[in-house]
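To start, the structure itself, in structure tokens.
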Amino acid sequence: MNTDQIILIPIPALFSFEECLWFLNRNYDDCLHIIHQDNIMKAIEFEGQIFLIRIQENGSFLEVDILIGESSPESKRFITDYITEWFDLDRNIQPFYDLLKKDGRLAYMAEEYKGLRLLGIADLCEAICWCIIGQQINLTFAYKVKRRLIEKYGKKVDYEGETYYIFPESETLANADVEDLRAMQFSQQKIDYTIGTAKAFANGTLSKEMIKALPDFTSRKKALTNLKGIGEWTANYALMKSLKEPQCIPHADIGLLNALANHDIIADRSEQNKINAFFETFKGWESYAVFYLWRSLTVRV
DNA sequence: AACCAGGCGCATG
DNA sequence: CATGCGCATGGT
């Protein structure tokens, strides 16, 4: 490959590409990336152009190959930033590991999940739509619905017999056909929420930059929950995945509650005081604690 | 075959 | 503010 098509990104301490890939894969069918033995491929868009990138480990670097798309200083900068954010490479997670090791129930995670990073969703609209799809249904089904939506409305690029998709533009979703969404097994409410969210992004009422610019966590959450279909759970999830806010707790998340119960942190779902006390000990790292608890739900064989 | 899913909005008390 | 209900349907 032409060296001009290659980007090398230094790997930070406490980073495991393999752990991250495994989490992205798990046992679900996510259509926004394709994972092979030792690399991951994904289509992303920059200035109206679709890029296909392949990421793999190369010594102490992540090697990014630009398989489709014009390599330029600008596009390389964009891709580097994109991957840095996606894999949360800029964060020093040592303080989180120090907290993990202090908690007898979770200390094992510092070894078993060593180097796992909070995987992000760069596009805020995508993160919210994904939440809406996933509300109150099982993940296997949620991924099916997501795939139907993306295959119908997303941009795509073909490469060596595979198709790589990009989450639909908010403008496209804002004008999505209600009957189509029903056929994809969106409930009527979720159609309203999804199109409403897409419209807010499309008409400029809402944007990631706008949310970022708000002064504090509470006001950022409030700006999201003002939208129909975005409750406490969705707002926390979206801020965690898209803005990488460190203090997100998707209260009432069924997976989180199950994980807390598995670790004997709570006995049943009503023990809010115990949940609060637990997260109090992870002050400033709540999102990471949640993410690692989610990780614990899928056992590696 | 009943019960559960990475919830939310709205109506009540 | 807290609780309860309908939504909607696949997965286990």
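So that the names make sense, note that chain A is the first sequence line, chain B the second, and so on, each numbered from 1.
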What I want to find out is whether Lys114(A) reaches Glu19(A) closely enough, with some N-O distance under 4.0 Å, to be called a salt bridge. no
When rounded to whole Å, the CZ to C1' distance for the pair Phe186(A) and dG10(C) reads 15 Å
From dG9(B), dA5(B), dG10(C), pick the nucleotide closest to the side chain of Phe141(A)? dG10(C)
Just how far, in rounded Å, is P of dC8(B) from CD1 of Ile137(A)? 13 Å
dC8(B) phosphate, OP1 or OP2: any side-chain N/O from Thr234(A) under 4.0 angstrom? yes
Rounding to an integer number of angstrom, what distance separates dG4(C) and dC4(B) when you compare their P atoms? 16 Å
N/O (side chain, Gln189(A)) to phosphate O (OP1/OP2, dG6(C)) under 4.0 Å: no
Which is more 5' along DNA chain B, the nucleotide nearest Thr225(A) or the one nearest Asp253(A)? Just name the residue. Asp253(A)
Within this structure, what is the CD1-to-P distance between Ile132(A) and dA8(C), rounded to whole angstrom? 15 Å
Remaining members of hydrophobic cluster (4.5 Å side-chain criterion), Val299(A): none
Does a nitrogen or oxygen in the side chain of Arg182(A) sit under 4.0 Å from OP1 or OP2 of dT9(C)? yes
Among dG10(C), dA8(C), dG9(B), which is the nearest nucleotide to the side chain of Ser187(A)? dA8(C)
If you compare every side-chain N and O of Arg269(A) against the phosphate oxygens of dC4(B) (OP1, OP2), does one of them come in below 4.0 Å? no
Starting at CG of Leu297(A) and ending at P of dC4(B), how long is that distance when rounded to a whole Å? 17 Å
Using a strict 4.0 Å threshold on nitrogen-to-oxygen distance, state whether Lys155(A) and Glu169(A) make a salt bridge. yes
Is any side-chain N of the basic residue among Lys146(A) and Asp29(A) closer than 4.0 Å to the acidic one's carboxylate O? no
Any stems for DNA chain C, made of 3 or more Watson-Crick or G-U pairs in a row, each with both distances under 3.5 Å? B:2-5 with C:9-12, B:7-13 with C:1-7
With a 4.0 Å cutoff (strictly under), does any side-chain N or O of Asn258(A) reach OP1 or OP2 of dA5(B)? yes
Length of the line joining Lys190(A):NZ and dG10(C):C1', which is rounded to integer Å: 11 Å
Nucleotide dA8(C), atom C1' - distance to CG of Asn138(A) in whole Å: 12 Å
